[in-house]
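Take a look at the structure below.
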Amino acid sequence: MSTVNEAPPAAEKAEVKIVKDATCTFCGCVCDDMELTVVGDHITKAKNSCVLGKAWFLNHHTEDRPDAMIEGQPATYEQAIERAADILCNATYPLTYGLSDTTCEAQRVAVAITDWIGGCLDTTTSVCHGPSGMAFQAVGEVTCTLGEVKNRADFLIFWGGNPAESHPRHFTKYSLMPKGQFVPNGRKDRTAVLIDVRKTKSAKAADIFLQLKPRSDFELCWAMRALAKGVEVDTSIEEKTGISLETLTDLVDRMKKAKFGVILFGMGLTMTRGKHLNSEAVLALARDLNKYTRWAAKPMRGHGNVTGADNVVTWSTGYPFGVNLGRGYPRFNPGEFTSSDLLARKEADAALIIASDPMSNFSQPARDHLASIKSVVLDPKLSETAKVATVAFTTATYGINTPGTVYRMDDVPIPLRPAFESPYRSDFEILKAIEKRIREKQREKNG
Ligand code: SF4
């Protein structure tokens, strides 16, 4: 029995609301069928989410930080906008980086700012599926949506990825399990193959698991291309890849007999020896197979809106990442204009970092240089990068606090339905204010 002095928990007093069809932005699946129970400024239930999505929603809390910090000291929003515009206007070689965990609307303003200041524009794609971005430029892409995969695909190859752990709802919602228009029996109508260097949790879900030797993806893919074209393959491929020629020949025969096949490839393929040449080989294999039947190839994208970053940067500049706008027109050169390389060579003299934490994952020389130059950082959390920033803005979290658009890994745009408002401004609002101030300063300077 409760005593008369016992106050009801704060949560009981707060208003409870249900947000239907909310979107999870934790991974590239961007599942848009969440049902969130929101109590005040806490999400207490996230129906339909996977274990990663639950952690994303239920562990979210609004940080108690100033709107902005300048050189580690609390500052007003207006002071921070002024200082950020000063830094970016006065830089000789500014860099814009991040963008995969924010809305397309904010990404678009970041591109405009970089254009106005003649800087380098790069996204986290340069450290994940950058090789695929290069391969698309060289080979093109035979593509399809996850809706087509669900309704049509009877043959799936997962190559160099572990969706069971990295994209937990991919199998159940989009690819392996769901019943579709031309695969009415779902899983029973599909053949699933996993190609990887180790037996991950995803192997259990596959009909065929091919464990290839590390760093032999390129050779394996080219052998499959040859077999698809009826070219004889030397038995030395067995020693090279660890997979028998008989198994490979059987696999390619089955692929040619499929009605609709899809290769879904991960960073296990793109970040091993061969890199963009591996992605090119897989894209070319899918293209070759279209002589016999319908095949597509799609990268499995990680961050929530990294696909949006690729789309926005590509539709604005013609290239997906690693773009230099210093000469007034876009130049694409990964290695030269990608952030980690550019910072490690000590070329950038200022940085605008949006929703990303390069101080946690770049090489030591790149981190040392980033910490030594002036930087403007937008992040909901006090990340390692925000800690060394000259100007650090505390931002609202996209999807949970702010509306906007994100792209699913199959290049389909999805709207966000936020759960509750944040006391902080969105990336879009902050970037718009910085852009406005930069334009005013440039006009003052040029008369
Ligand atoms: S699969 Fe990805 S997008 Fe879908 S609920 Fe899980 S973490 Fe969120």
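Just follow the structure's listing: the first ligand is 1, and inside any ligand the first atom is 1. Heavy-atom basis, side chains included; hydrogens, waters and symmetry copies ignored. One-based numbering along the sequence shown. Bear in mind that the values here come from a model prediction, so they are computed numbers and not experimental data.
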Check: of Cys27, Cys50, Ala46, Gly28, min heavy-atom distance to atom 5 (S) of ligand 1 comes from Cys50
Just need the protein heavy atom nearest to atom 4 (Fe) of ligand 1, so name the residue and atom and give the distance.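 Going by distance alone, atom 4 (Fe) of ligand 1 is nearest to Cys31 SG, 2.3 Å.
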Exercise for review: Mark yes or no: Lys256 above the aromatic ring of Tyr292, with NZ or CZ under 6.0 Å from the six-membered ring centre and no more than 45 degrees from the axis.
Suggested key: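 Yes, a cation-pi geometry holds between Lys256 and Tyr292.
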Exercise for the section: Flag this pair as yes if the NZ/CZ of Arg425 is under 6.0 angstrom from the six-membered ring centre of Tyr77 and inside a 45 degree cone about the axis; otherwise no. Expected result: yes
Counting only heavy atoms not in Lys17 (residues, nucleotides, ligands), do more than 12 fall under 6.0 Å from its NZ? yes
Should the heavy atoms of other residues, nucleotides or ligands under 6.0 Å from CZ of Arg273 be counted, would the total exceed 12?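 Result for CZ/Arg273: enclosed.
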May I ask you to list the atoms of ligand 1 that are less than 4.0 angstrom from any heavy atom of Arg169?
->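 Once the distances to Arg169 are compared, the set is 1 (S), 4 (Fe), 5 (S).
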- prompt: Considering only heavy atoms of Val30, which atoms of ligand 1 have at least one such atom less than 4.0 Å away?
  reply: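 Heavy-atom distances to Val30 below 4.0 Å select 3 (S).
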Is the ring pair Phe332/Phe321 parallel, tilted or perpendicular, if the boundaries are 30 and 60 degrees?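 Perpendicular.
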Got an N, O or S from Cys24 under 2.8 Å of atom 8 (Fe) of ligand 1?
->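 Short answer: yes, at least one N, O or S atom is under the cut-off.
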